[in-house]
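Here the structure is laid out as C-alpha cells; the discussion comes afterwards.
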Amino acid sequence: MKLKSHLNNVIQDAFLKAGIEHAPLSVSEATKPEFGDYQFNGAMALSKKLGKNPREIAQNIIDHLDLTGILAKAEIAGPGFINLWLNPLWIATQCHTALSDKRLGVSTRENPIKVVVDYSGPNMAKQMHVGHLRSTIIGDTLANLLTFLGDEVIRQNHIGDWGTQFGMLIAYLEMKDEDGSVSLKDLEQFYKDAKGEFDANADFADKAREYVVKIQSGDAHCLTLWQKFIDISLGHCEEVYEKLGVNLTREDVRAESFYNEELPKVIESLAEKGTLQESNGAQCVFLEGDEIPVIVQKGDGGYLYATTDLAALRYRAQVLGAKRISYVVDARQAGHFKQVFRVAKEAGFVPEDVKLEHIGFGTMMDKSGKPFKTRDGGTVKLIDLLDEAVIKARETINNKEDYSPEQIETLAKIIGIGAVKYADLSINRESNYIFNWDKMLSFEGNTSLYMQYGYARIQSIFRKFDANVSGEIIIGDALEHRLATMLLRFEDILERAAIDASPNQITNYLYDLVTLFMRFYEQNPMLKEGVDEQTKMSRLQLADLTAKTIKQGLDILGIQVVDKL
RNA sequence: GCGCUUGUGGCUCAAUUGGAUAGAGCAUCAGACUUCGGAUCUGAGGGUUAGAGGUUCGAGUCCUCUCAGGCGUACCA
C-alpha cells in the first residue's frame, strides 16, 4: 500500500480543482495523534509563490478536498498546517486486503532495475573479523530489501584474493602441509606462522617473493596451490555466512583476481581518453579540484585497488547492466569512492544514468567508546563473536524447563544472532556504534528480542484461539485506528529505507509497531470474557496482520522469528 | 596544513530530510484487575540540540565562524 502516494493524489486533485498550479508536494506523517494521521504543510511553502497568506491557501485546498474516500476529515491548524484524518472504513478495508495478500499489500516495482550490491568483501589472507560485520549485514539487508521490492539484485562479494601476501601464504602452505586442511583451521595463526617464517628464514622469504611473481605470471603449480588456499579460506567465510544467516554464495563471488586481465585494459582506455598523466613515475588521473590524484598504476608497473575498482565498475555497468551500484564499505573510504566514481564516469566506463553510491558506515566501538578489540588488543574474530552471542542468548533462556536441549540450542541461535544483527541495523548507518551485549540481548527497548517477543505473544493468542478467523475489521477506537494506519505504512517505510539504504528506518518502524501493538494488547482484549464475536474477530485480524508485518520486516533484516520464546 | 565527518537529558539512540510543545529505551521514582505470556503496560522527573551569528512564516536539520572529538590525506586494500 503506497499510502502517501494515495494521499498525495488526493491533495494534487484538490490543487487542480482549486486552480493551484504547482508541482506536487508531499504529505507527511502527523507528528502527534492530536494532529490526525497525516499532515500537509505545503500551504506555507506556497504562500510566497502565490502571494496569499497560508491559511487562506490551506482553506482553498480543504474546500476542494475529496472527503468521501481515503480521508474523513481535514482541518487547518497553526500558521497553515492541514491536518488529515484517514477514513476508518477505508483503513479497515485496506488492512483486510493486506491480510489476504502474501506480500501484505506491498506492491512490486513497475519498473524494476538491476542493482549491484557490493558487500562483505573479506580478505582471504585472514579470518573474518568484526570489521566485516557491518558491511556483511547491512549489505545483505539492502539486497534483501531491494529484492523484496522487486528489483533485480546482483550480489557481489569482492573478496581480496590477490596481492603480495599470497606468495608468502602459499609458499608456507606448500612447505607446511600438502593437504592444507589441517593447518588452515586457524587462518589467523597460519598467517602469523607464515609471517614468522618469512621474517626468520631468508630462503623462505626468497621463495615467497618468487611465488608472487609466479602466481602473477600464471604458473600452474602455484596457481593450483593458490586456488586451494582460496577455497579453504572462502570455506571459512561461508561458515560465518551460514551462522549469520546471510544470503551470500559462491556464485556471488567476484574476486579481485577476476579483474586481473582487465587491469591493463583499464589503463589503456584511460590513456586513450587522454586522462592519464605520469607523476613521479606512476600513472595517475588528476581530477579537477582534487589535489591528490587517483593512482592507477604504480611506478613498478603494479596495479592498485583503484584500478581494480574501476575494472569492477566497468564490468558491473557494461557486462552486468546495473543501473544502480551500491558499495557497502566502511565510511573511511568515502574519499576513495568519490574519486573512483568520478573517474569511472568521466572515462565513460559507467554511463551517466547509472547511480553509483557508497553506502558508508561507522566503526564498531566497545563500551568505552574505543574501537572494538580483544583484551590483548587483537582483532575479534567474527566467528568467536557469533558463538559468544549464542552462548549469551542461551543464558537468558536457560530457565525454560519445558524445552529440549535441541530446542534451546535452536532458540539461542535465533535470539543471539538476531540480537547482533538488529543492534547493528537499528542505529544510523553512518555513525559509529557502541557494541553492548547487555543492551542488545535485552527484552526491553528497541531490540530484536522485543520484536520476537511481540511476535511470539501474538502466536500464543492464536494457539489458544485455534479456529478460523473471519469477518470484517472494524476500527473501534483511537488505538485500533493508529495500529491499523501504522500497518498500512509498511510499504512507504520500506521504500524510503531502500532509497536511503538505511535499515534503521525499518527497525524504527518495527519498534513503533510493536510498542503500539503492546498497548493495544493491554487495552483491547480479544479472547477474554465479554468480548463480542465481531470485535474479537476484528482484533484478531489486526493482531494477525501485525505479526505478519513483524515477520516480514525482520525477514528483510535477515532475522528469524519463533512461535514460542 | 588541507579535506571529510560527528557533537541531541546521566548513558545508548530517534526525529518522516525545513514544520507545531525535540521523542524512545536504559537508569531513578511512583503505579497496574489473582496476567488472552508481568519477558508486559501506565505515569513522573530529567533538554538553551557544543557555542555564537545568519538565512525565513518556521532551524536539531541549511549557511558562516568558534570550540571539542573522529577519520582521510599519491604508489596497502
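Throughout, protein chains are lettered first and strands after them, A, B, ... in sequence-line order, and every chain is numbered starting at 1. Side-chain atoms are counted along with the backbone in the values below, which use heavy atoms only and exclude waters and symmetry mates. Here the structure is a predicted model, which is why all the values come from computation and not from measurement.
A sub-4.0 Å separation between OP1 or OP2 of rU42(B) and a side-chain N or O of Arg519(A) is present. Within the structure, a side-chain polar atom (N or O) of Tyr521(A) is placed less than 4.0 Å from OP1 or OP2 of rG37(B). Residue Ser28(A) has no polar side-chain atom (N or O) positioned under 4.0 Å from OP1 or OP2 of rU16(B).
Residue Asn524(A) is classed as a base contact, given a heavy-atom separation below 4.0 Å to a base. Nucleic acid contact class of Thr363(A) (heavy atoms, under 4.0 Å, all strands): none.
In this structure, the side-chain contact (heavy atoms from CB on, under 4.5 Å) partners of Leu50(A), at least two apart in sequence or on a different chain, are Ile20(A), Leu46(A), Ile57(A). Scanning for ring-ring contact (aromatic ring centres under 6.0 Å, His included) contacts around Phe490(A) gives Tyr509(A), with sequence neighbours left out. Listed by chain and number, the residues in a ring-ring contact (aromatic ring centres under 6.0 Å, His included) with Phe198(A) amount to none (sequence neighbours excluded). Applying the side chain to side chain donor-acceptor pair (under 3.5 Å) rule to Ser368(A) yields the partners Asp366(A); only residues at least two apart in sequence or on another chain are considered. Scanning for side chain to side chain donor-acceptor pair (under 3.5 Å) contacts around Lys548(A) gives Asp544(A), with sequence neighbours left out.
Comparing atom distances between the Thr31(A) side chain and each of rU16(B), rU73(B), rG37(B) picks out rU16(B) as nearest. For Asn508(A), the side-chain atoms get nearest to rA14(B) when compared with the rest of rA14(B), rG72(B), rA77(B). Checking rC41(B), rC36(B), rG37(B) against the side-chain heavy atoms of Ala456(A) singles out rG37(B) as nearest. Nearest to the side chain of Ile434(A), among rU12(B), rA20(B), rC57(B), sits rU12(B).
Spacing between atom CG of Asn428(A) and atom C1' of rU8(B) amounts to 13 Å, rounded to whole angstrom units. What separates CH2 of Trp162(A) from P of rC76(B) is a distance of 17 Å, to the nearest Å. Counting to the nearest Å, the P atom of rA77(B) and the OH atom of Tyr327(A) are 15 Å from each other. Across the protein-nucleic acid pair, Tyr433(A) atom OH and rG7(B) atom C1' stand 21 Å apart, rounded to whole Å. In this structure, His358(A) atom NE2 and rG72(B) atom P are separated by 13 Å, rounded to whole Å. In this structure, Leu527(A) atom CG and rC36(B) atom C1' are separated by 5 Å, rounded to whole Å.
In the interface, the side chain of Asn83(A) is paired with the base of rA20(B) through a donor and an acceptor atom under 3.5 Å apart.
Remark: Ile461(A) CD1 to Tyr521(A) OH distance equals 5.0 Å, nearest 0.5 Å.
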Pairwise N/O distances under 3.5 Å, protein to nucleotides 23-27 of chain B:
residue, atom, partner, partner atom, Å
rA24(B), O2', Tyr511(A), OH, 3.1

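Against RNA chain B, the stretch residues 490-507 of chain A makes heavy-atom approaches under 4.0 Å through Arg496(A), Asp500(A), Gln505(A).
Note on residues 477-496 of chain A: pairs passing side-chain hydrogen bond (donor to acceptor under 3.5 Å, both in side chains), not counting sequence neighbours, are Lys2(A)-Glu491(A), Asp37(A)-His481(A), Tyr38(A)-Arg489(A), Ser107(A)-Glu491(A), Arg109(A)-Glu495(A), Asp477(A)-Asn524(A), Glu480(A)-Asn524(A), Glu480(A)-Arg539(A), Arg496(A)-Asp500(A). Pairs engaging residues 419-439 of chain A under the side-chain hydrogen bond (donor to acceptor under 3.5 Å, both in side chains) rule: Arg134(A)-Asp424(A), Tyr422(A)-Asn446(A) [sequence neighbours left out]. Counting only residues at least two apart or in different chains, salt bridge (charged side-chain N to carboxylate O under 4.0 Å, His left out) contacts with residues 518-527 of chain A comprise Arg457(A)-Glu522(A). Every pair tested for salt bridge (charged side-chain N to carboxylate O under 4.0 Å, His left out) that includes a residue from residues 38-51 of chain A fails, sequence neighbours excluded, so the list is empty.
Counting only Watson-Crick and G-U wobble pairs whose two key distances fall under 3.5 Å, RNA chain B forms stems of three or more stacked pairs at B:1-7 with B:67-73, B:10-13 with B:23-26, B:28-32 with B:40-44, B:50-54 with B:62-66.
Summarising the geometry of Ile76(A) relative to Gln59(A), their closest heavy-atom pair is CD1-OE1, 3.2 Å, with the distance given to 0.1 Å.
Proximity of the aromatic rings of Phe258(A) and Tyr315(A) is defined here by a centroid distance below 6.0 angstrom, and this criterion is met.
Remark: ring of Phe35(A) stacked against base of rA20(B); centroid gap under 5.5 Å, plane tilt under 30°.
Under the 90° criterion around 0 for the glycosidic angle, rU66(B) counts as anti.
The aromatic rings of Phe341(A) and Phe337(A) lie tilted to each other, with the angle between the two planes from 30° to 60°.
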